[in-house]
Amino acid sequence: MRLIATLILYVWTACAWAHKPSDSYLTFTVTEHELSGRWDIALRDLDFVMGLDSNDDGAITWGEVRLKSSEIWRYALSRLQVSTSNQTCIYRQGKQKIDQHTDGKYAVLYFSCDNFSVHDSLTVSYRLFAEIDPQHRGLLNLSYGDGDTASVLDPSQPARDFDISEKQKIWATLADFIHEGIWHIWIGFDHILFLLSLLIPSVMVYQKAEWQPAANFNKALWNVIRVVTAFTVAHSMTLSVAAMGIIELPSRWVESIIAASVILAALNNLVPIFTEKRAFLAFVFGLIHGFGFASVLADLSLKENSGLWGLLGFNLGVEIGQLALVAVFLPITYQLSRYAFYQPLILRCCSVGIASLASIWFYERAFNTSLIIF
Amino acid sequence: MKLIKAILFSYLLLQNMNAWSEAYIPKTDSEVLEQLPVAAVEKKRLRSLQNQANGNPKDYALALNLARNYIELGRIHSDPRYYGYAEALLKPWLSPQHAQPDALVLRATILQNRHDFQPALADLKAALKLNQRLPDAWLTLAAIYEVQGEYARALRSCLALTKFSVSLPSTICINSAMSLSGQAQTAYRQLTAAVTETDGEPSEMTWAYNLLAELAERLNLAKDAESWYHKALARNYRSVYLLASYSDFLLDHHRYEEVVKLLQNETQVDTLLLRLTLAEQQLQHKPFKDHVNLIKSRIAAAKPRGDSVHQGDESRFALQVLKEPKTALSLAISNWAVQKEPRDARILLEAALAANQPDAAFPIIEFLETKHLEDARLKPLLKVAKG
């Protein structure tokens with residue numbers, strides 16, 4: 001029964017939001033000929049294995065940490081092995097400092113590997129506190145060239161390999177820029193509205209001066225594919241040309257024409273001029289939208305040297321964002337277009353709304369002012 | 001999806017790492033860096049036990065005893081490190097061929113603390129296969145089933161316990177399960193009788209009083225709840241759970257000053273820090289902002305590991321402090337998938353209503369109806385949710 005007494009309340013009460021479990025933070029910076037590291041280990045964990053509090057007064061002082069300094073270094077570095085296919089790191093100890101984390105103070109160890117050249121991959125074997133706390137983890141941040149990798153190291157697992165070759169860098173850049181491209185489409189309302197203005201009527205046909213629902217889904221889909229492809233081809237062309245610096249246009253012009261393109265596309269739904277030539281409209285204005293994307297890409301590339309892979313990634317991201325939009329939008333508008341209210345309510349009202357909003361943009365951009373209402 | 005996850009994860013980790021780039025060298029040797037939570041005498045005792053255990057790696061009784069000590073420390077300080085130390089000690093007696101029942105039960109409590117309910121259940125069943133007469137195994141089993149909302153199974157586990165041991169814990173176990181499945185009144189009466197007739201260990205009594213207080217709250221007997229809470233606190237048995245549920249009671253009755261008084265020195269324990277911060281928010285106390293930032297940084301620090309143990313509290317933080325009902329709702333939903341106690345139902349209902357998505361509360365409504373769970377605090381929320 002004694003056993004119950006100690007465990008029972010605990011069992012029923014495990015939902016208490018507790019401390020963070022034990023973590024150490026490991027940072028590697030890899031350059032061509034050197035690896036430098038920083039390792040933050042909680043003083044409380046070190047105290048458990050080697051008794052930092054030598055006078056047992058319940059407080060760990062800097063003096064007590066310094067007293068055990070060599071033991072800390074020995075304990076930590078003997079449980080971390082960093083190697084490449086033909087070389088194992090021989091540590092050179094650097095400074096030892098202290099840092100505050102959310103759950104207390106940590107010892108910070110700075111070290112480097114002498115004459116250590118990393119080319120393709122790095123193997124990290126992490127065994128800190130493996131024998132005393134199976135819940136301990138090492139949170140690794142590995143930075144190399146322009147790549148960054150974050151990883152959680154489990155001391156009970158075998159050594160981990162990290163690919164930091166050229167190929168890996170390309171993937172990292174590509175992934176980064178795809179992400180940026182998607183993001184840009186989602187926050188770039190002018191591109192979305194232009195596309196929507198062209199897509200809203202795609203589920204309809206204009207016959208005898210009247211809008212009719214498209215005969216079937218395939219027909220609507222085909223309309224959409226034509227519009228989206230034309231837009232994509234056009235903006236990919238100008239995006240590439242502008243990104244490579246072959247043609248440059250002043251951004252105020254570009255932004256104003258983009259706003260104008262949204263107005264035109266929306267008005268075209270009210271007074272159809274380019275009825276079945278929306279793909280053509282998408283292509284012509286797609287050329288201008290491409291210049292708009294290019295200025296965003298140029299801003300991004302200033303932060304990191306991304307080259308062609310960045311361009312490719314960004315463009316892919318824009319397409320993914322665009323396709324996601326279409327994938328959500330098309331089934332909904334197609335369903336709605338089966339009802340009589342689609343034409344007056346959605347097609348007309350939305351187009352009027354879009355055209356008005358875009359007019360404000362146009363005014364703001366062309367005359368470089370800002371209207372109070374927005 | 002993987003790509004987005006990877007990007008998000010790296011971002012969180014990098015962001016988290018940026019926050020601590022200011023390492024320094026202390027100016028004097030006497031600068032205190034860390035106050036250790038465990039008293040020196042206790043530490044010496046544990047160290048000598050640990051040394052004995054290291055010297056006799058085959059001594060099962062020694063390892064078991066030390067593991068229990070660590071688990072108790074982990075409970076008192078709400079610190080998962082100690083559970084880790086216990087787990088490491090038990091390892092030699094957990095291999096599938098030579099597993100020892102007591103070691104399995106202890107590991108189950110450790111797993112349960114991390115909310116790894118399925119592996120914990122597996123350990124308990126394995127232990128009971130080796131030995132039916134393990135009171136703590138049946139109790140832990142019942143506790144897990146209860147958290148998961150499996151009240152019939154919880155009750156069966158409690159009844160299995162009474163076959164060989166009728167005691168206050170088995171009475172509490174039975175009435176706890178009954179109270180959640182449509183017999184709150186009966187359970188309240190039986191348990192009241194039990195605590196008046198018998199006196200037990202401080203831990204047992206604290207547990208019983210705490211349960212009675214919560215039951216009284218569910219039955220809308222605020223005065224009774226108050227007096228049960230006082231009885232529980234008077235036993236002086238440290239329980240984070242008791243402090244948390246009493247503060248919730250005080251918060252519900254707008255007694256914010258008392259919460260601050262009760263919890264101002266408990267900022268180390270995240271769940272109590274949250275309650276303290278909620279009270280400070282109402283009183284517009286100065287430390288409120290600092291505490292909000294502290295909670296934010298602790299949540300951020302827990303993320304890189306992929307831990308999601310505290311989504312219920314996180315949801316409450318998002319809803320009541322950050323005023324982000326959408327975030328709160330998604331946290332509350334994933335919390336509900338793991339645990340289904342009345343407080344989990346409550347935060348989900350509150351978040352669903354605040355986010356203007358009463359549909360999200362349907363699973364709760366259905367759950368409460370099929371289980372016949374009674375809780376006065378949920379009633380007004382349910383009324384709104386049902387429209």
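Quick note: numbers below take in every heavy atom, side chains included, and nothing from hydrogens, waters or symmetry partners.
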> Using non-hydrogen atoms only, which part of B:Ser245 is less than 4.5 Å away from chain A: side chain, backbone, both, or neither?
Replying inline: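 The answer is neither part of B:Ser245.
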>> So for B:Lys27, is it side chain, backbone, both, or neither that comes closer than 4.5 Å to the heavy atoms of chain A?
In response: neither
> Below 4.0 angstrom, N of the basic side chain to O of the carboxylate: do B:Glu266 and B:Arg238 qualify?
Replying inline: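 Looking at B:Glu266 and B:Arg238, the cut-off is met.
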>> Taking B:Lys43 first and then A:Asp47, would you say they form a salt bridge - that is, a charged N and a carboxylate O separated by under 4.0 Å?
In response: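 The answer is yes: the pair qualifies as a salt bridge.
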>> Checking A:Asp23 now: which residues fulfil salt bridge (Lys or Arg N to Asp or Glu O under 4.0 Å) with it, not counting sequence neighbours?
In response: A:Lys20, B:Arg305
> For chain B, which of A:Ala130, A:Gly51, A:Ser22 has the most heavy-atom pairs under 4.5 Å?
Replying inline: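 Among the listed options, the one with the most contacts to chain B is A:Ser22.
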>> Just so I understand: if I count every heavy-atom pair under 4.5 Å between each of A:Leu43, A:Asp56, A:Val108 and chain B, which residue has the most?
In response: A:Asp56
>> Which residues in residues 71-80 of chain A have any heavy atom closer than 4.5 Å to a heavy atom of chain B?
In response: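 At a heavy-atom separation under 4.5 Å, chain B is reached by no residue of residues 71-80 of chain A.
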So do the side chains of [X] and [Y] get within less than 4.5 Å of each other, counting heavy atoms only?
{"X": "A:Ile98", "Y": "A:Trp62", "answer": "yes"}
{"X": "A:His101", "Y": "A:Tyr25", "answer": "yes"}
{"X": "A:Ile60", "Y": "B:Leu36", "answer": "yes"}

>> Less than 4.5 Å to any heavy atom of chain B: does that hold for the side chain of A:Arg137, its backbone, both, or neither?
In response: both
> Tell me the salt bridge (charged side-chain N to carboxylate O under 4.0 Å, His left out) pairs involving residues 81-90 of chain B, sequence neighbours left out?
Replying inline: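 Salt bridge (charged side-chain N to carboxylate O under 4.0 Å, His left out) check on residues 81-90 of chain B returns A:Asp45-B:Arg81, A:Asp103-B:Arg81, B:Asp79-B:Arg81, B:Glu87-B:Arg114.
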> Out of B:Ala108, B:Pro26, B:Ala244, which one racks up the most heavy-atom pairs below 4.5 Å with chain A?
Replying inline: B:Pro26
> Taking only residues two or more places apart in sequence or in another chain, which ones pass ring-ring contact (aromatic ring centres under 6.0 Å, His included) with A:Phe48?
Replying inline: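 ring-ring contact (aromatic ring centres under 6.0 Å, His included) check on A:Phe48 returns B:Tyr70, B:Tyr85.
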